[in-house]
Number of protein chains: 2
Amino acid sequence: MSRRPTISDVAHEAGVSKGLVSFVFNGRPGVSPATRDRILAAAAELGWRPNPNARSLTTQTAYALGLVVLRDPAILGSDPFFPAFISGVEAVLSDRGRVMLLSVVPDEERELETYRKLAAESRVDGVFLTDLRHHDPRIALLAELGIPAVTLGRPDVPSGFPVIDRDYGHGITAVVSRLRELGHTRIAHVAGDDRMLHGTRRRDQFAEAVRASGGEPIVVGADFSPDAGAQATRALLARDEAPTAIVFANDPMAIAGMAVAQQLGYRLPEQLSITGMDGSEMSQYLFPPLATVGNDPAEWGRTAAHSLLALIETGASEDVTLPAAEFIPRGSIAPPPTPDGSAVDTPQQTATPSTR
Amino acid sequence: MSRRPTISDVAHEAGVSKGLVSFVFNGRPGVSPATRDRILAAAAELGWRPNPNARSLTTQTAYALGLVVLRDPAILGSDPFFPAFISGVEAVLSDRGRVMLLSVVPDEERELETYRKLAAESRVDGVFLTDLRHHDPRIALLAELGIPAVTLGRPDVPSGFPVIDRDYGHGITAVVSRLRELGHTRIAHVAGDDRMLHGTRRRDQFAEAVRASGGEPIVVGADFSPDAGAQATRALLARDEAPTAIVFANDPMAIAGMAVAQQLGYRLPEQLSITGMDGSEMSQYLFPPLATVGNDPAEWGRTAAHSLLALIETGASEDVTLPAAEFIPRGSIAPPPTPDGSAVDTPQQTATPSTR
DNA sequence: GGGCTTTCCTAAACCGGTATAACCTTCACA
DNA sequence: TGTGAAGGTTATACCGGTTTAGGAAAGCCC
């Protein structure tokens, strides 16, 4: 209804000048305790809070952090990372007087344009860089624009920004070890998007883990989407020597892969072991429950937010390493089918008569 | 590196006063075409864009819209609605000079506090109200704060805000009809969160559809989370007269429900039909593919954004009805098991010997 | 008691825009 | 030829804060 109170209203109410009110709210010394209390009381009574837009003008601070998500809208919904990541960021921001500005863009051109716009309009004090790509153009752009940033993962280009990272290879190695222990020799990987750093890294870590255990990695490319995951699974299972275990680069692909295998008549996990990555909430509610590698997006969010705020407020730029990713074993893995038993129990044969 | 250009820089560069530059960028008449071009050229050369913070001061506009999401962080990740909704909103906003401000809060207290803060700080010009609850306190609060809003769904309390809605009952009725056609008589519903309007509405629409077709609805409460969906499914299948079809109030619960049934030894869909709601991307990549009711969150986003902008910019407040929700039939439904066949093929019996 | 700090406070400029009143030309018209 | 209107432009106040310079009052010292 009535106009929002301003600093002048508070000053008038407390019988002081605007400047003093500002001093109090910025915790600056040189205000007597008595007046301080009077000002705080006046502000509380009027329900006044400093207007960040006005503050921005003089402080050259936007009181906001940005997140620009480049996503094919089609596969956006199946990715469980962002909502949890954002809630982690928010948990930190809510007490720090900053808000989060979110943008979802369909392609790289719009993405870079969005950063330029945020910069030109002084909308944000810093940004989170997620889903790092190879030779990611955002790093140089943000450096040029002078916008502070933190990267989720270590870029493959020179970057002065703090890095938040986690040893994900640890979990991947554990997956492969466990599968080898169970007796699997033909272990395949359905990889994520090759343009993304964590797509190829997970692929490399998988390959390395398999080789380290004396095996020969089988890898087929995909892009983190359930659709690609399903196609890759179909291709793998159509091979002469089909793998007995498939390690998917994320949970949505693994879920789609499980469905493809089941449709082909595979009994899971007896005839095919499957694992996912990223430890989505859904994974434990599948049948069989999906073994996966934990990731904790909310922890990424909290940590990234702390780092970014530290960088902005104090200039402190320190890399943070999150705890190594842990393998979460569940019912979707088992020993491979025995070679002799496979004759009577070939999945494709039992599958053929099925109705769909 | 160098200071961001200001309107004065542009004015100086073009050899005119600040006012004229402002006129040009606000599309006001009374500027000669020649000067107009000169000003635009100068602005382009300097890469200048009006600073929204500064504009806010005089225009009393924040150039931002807000979305406050109240979510138990634990179930945040499994909900595919928000990412797609946001991308729909963004598609509209990106050309309109406004950004989206996102907040994720863990409880109602923080939620309301967040709205108050956004208002007191003039952070947003309007907000989206999603996940409407019974007697939703946000409606009155926003009216009191004077913040424009649009609601996704029709509130059960007096509200002057525009309503974006979709006849979801249409899809639910289609689901029930189809199941009845197939011969199901014991059709159950695993309901969503009772505190949410769409939780109870879907439940009511289900019950009504079943009764209209001459049946007796079976309903068990849940809360949209996979965990609750799994528990509800277990409870239903443990009944003496277990349902032959289960209609879940959203896809994540349906996925969890499918897993529970499969774990109990049910062959899907022959022995149990299952449907979801909200038409998530994942649903089609399951086995069997999950029949569901479409929803198109991105369309909600685009529409809500248009409505909210119209309300803010022109005061136009018109309700919008999206196309009725359509049933998406898929492989997860089939005729119920025949009563005679059920003796030899009782799920629990074949399940018992299974290893886990 | 005069000079010097210190403490507490105010006035005013400033941030980068918008909005308004006023000004100067130019031109049409009587 | 004087007058008024229209078109194009500038000067300036203002939005709601922060920041700086400076001033009044009180305290300290010798």
Side-chain angles (χ1 to χ4, degrees), chain A residues 2-40 42-43 46-64 97-98 117-123 125, chain B residues 2-40 42-43 46-64 97-98 117 119-123 125 313:
Chain A
S2 64
R3 196 175 53 47
R4 257 181 269 285
T6 75
I7 198 173
S8 299
D9 299 329
V10 176
H12 184 257
E13 175 78 18
V16 298
S17 70
K18 293 197 314 177
L20 258 202
V21 179
S22 177
F23 278 21
V24 167
F25 272 77
N26 289 292
R28 292 172 47 152
V31 183
S32 79
T35 10
R36 211 185 94 90
D37 291 348
R38 202 145 34 87
I39 290 172
L40 287 176
L46 271 56
W48 176 81
R49 294 191 200 232
N51 179 330
N53 292 317
R55 299 186 73 194
S56 299
L57 238 33
T58 46
T59 61
Q60 304 290 5
T61 304
Y63 302 102
R98 268 177 236 254
K117 192 168 76 181
L118 292 178
E121 297 182 348
S122 301
R123 289 272 200 180
D125 304 316
Chain B
S2 65
R3 195 174 57 47
R4 255 182 268 285
T6 76
I7 197 172
S8 299
D9 299 329
V10 176
H12 183 256
E13 176 78 17
V16 298
S17 69
K18 294 197 314 178
L20 261 200
V21 179
S22 176
F23 279 19
V24 168
F25 272 77
N26 290 292
R28 294 172 45 150
V31 183
S32 78
T35 8
R36 211 186 96 90
D37 291 349
R38 203 146 31 88
I39 289 172
L40 287 177
L46 270 55
W48 175 82
R49 297 192 199 231
N51 179 331
N53 292 317
R55 299 186 73 193
S56 300
L57 238 33
T58 46
T59 61
Q60 305 289 2
T61 303
Y63 301 102
R98 269 177 236 254
K117 191 169 74 181
E121 298 182 347
S122 300
R123 288 272 198 181
D125 304 317
E313 290 170 4

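When reading the values below, keep in mind they use all heavy atoms of this one structure, side chains included, and skip hydrogens, waters and symmetry mates. If you're wondering where the values come from, they're calculated on a predicted model, not measured in any experiment. In what follows, chains carry the letters A, B, and so on, assigned in the order in which the sequence lines appear, proteins first and then strands, with residues in each chain numbered from 1.
- Scored by the ring-ring contact (aromatic ring centres under 6.0 Å, His included) test, A:Phe25 finds A:Trp48 as partners (sequence neighbours excluded).
- With sequence neighbours excluded, the residues satisfying side chain to side chain donor-acceptor pair (under 3.5 Å) with B:Arg49 are A:Glu113.
- Residue B:Ser56 comes nearest to B:Tyr63 through the heavy atom pair OG-CD1, 3.9 Å, listed as atom of the first residue, atom of the second, then distance.
- Under the rule for a side chain to side chain contact (heavy atoms under 4.5 Å, CB included), the partners of A:Ser17 that lie at least two apart in sequence or sit in another chain are A:Leu20.
- Here the P atom of nucleotide D:dG17 and the CZ atom of B:Arg123 are 13 Å apart, to the nearest Å.
- For A:Arg123, the side chain to side chain donor-acceptor pair (under 3.5 Å) test picks out A:Glu121, with sequence neighbours left out.
- For the pair B:Leu57 CG and C:dC14 P, the computed distance is 17 Å after rounding to whole Å.
- Residues forming a side chain to side chain contact (heavy atoms under 4.5 Å, CB included) with B:Asp37 (at least two apart in sequence, or on another chain): none.
- Taking atom CZ on A:Arg38 and atom C1' on C:dC8, their separation rounds to 11 Å, with Å as the unit.
- Every residue two or more places apart in sequence or in another chain was checked for a side chain to side chain contact (heavy atoms under 4.5 Å, CB included) with A:Thr58, and none qualifies.
- Positionally, the nearest nucleotide of DNA chain D for B:Val31 lies more toward the 5' end than for the other of A:Pro5 and B:Val31.
- For the side chain to side chain donor-acceptor pair (under 3.5 Å) test, no residue two or more places apart in sequence or in another chain qualifies with A:Gln60.
- Contacts of A:Ser8 classified as side chain to side chain donor-acceptor pair (under 3.5 Å), with partners at least two apart in sequence or in another chain: none.
- Side-chain contact between A:Thr35 and A:Arg38: present, with at least one pair of heavy atoms (C-beta onward) separated by less than 4.5 Å.
- In terms of phosphate contacts, A:Gln60 brings no side-chain nitrogen or oxygen within less than 4.0 Å of OP1 or OP2 of D:dT18.
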Contact list (N/O, under 3.5 angstrom) for nucleotides 19-28 of chain D vs protein:
{"residue": "D:dT19", "atom": "OP2", "partner": "A:Arg28", "partner atom": "NH1", "Å": "3.2"}

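- Considering only the side chain of B:Thr35, D:dT9 comes nearest among D:dG17, C:dC9, D:dT9.
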Which parts of nucleotides 23-28 of chain C does protein reach within less than 4.0 Å, heavy atoms only, written one letter per nucleotide 5' to 3' as B for base, S for sugar-phosphate only and - for none?
-> ------
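- Comparing the axis of the opening five pairs of the helix from C:dG1-D:dC30 to C:dA30-D:dT1 with that of the closing five pairs yields an angle of 50°, rounded to 10°.
- For B:Trp48 and C:dG17, the shortest distance from a side-chain N or O to OP1 or OP2 is below 4.0 Å.
- Using a 4.0 Å cut-off, no side-chain N or O of B:Thr6 falls inside it from OP1 or OP2 of C:dG16.
- A straight line from CD of B:Glu121 to C1' of D:dG17 spans 13 Å, rounded to a whole angstrom.
- With rounding to whole Å, B:Arg55 atom CZ is found 20 Å from C:dC15 atom P.
- Protein atom CD1 of B:Ile7 is 11 Å distant from nucleotide atom P of C:dG16, rounded to whole Å.
- By the side chain to side chain contact (heavy atoms under 4.5 Å, CB included) test, A:Ser122 pairs with B:Arg4, B:Asn51, sequence neighbours left out.
- Note: CZ (B:Phe25) to P (C:dA19) measures 15 Å, nearest angstrom.
- Whole-Å rounding puts the A:Arg36 CZ to C:dT7 C1' distance at 16 Å.
- Between A:Ser56 and C:dG16 there is no side-chain N or O to OP1 or OP2 distance below 4.0 Å.
- The residue B:Val21 sits apart from the nucleic acid: no heavy atom pair falls under 4.0 Å.
- For the pair A:Thr6 and A:Asp9, the minimum side-chain heavy-atom distance is below 4.5 Å.
- Side-chain proximity of B:Ser32 to the nucleotides D:dT9, C:dC15, D:dT18 is greatest for D:dT9.
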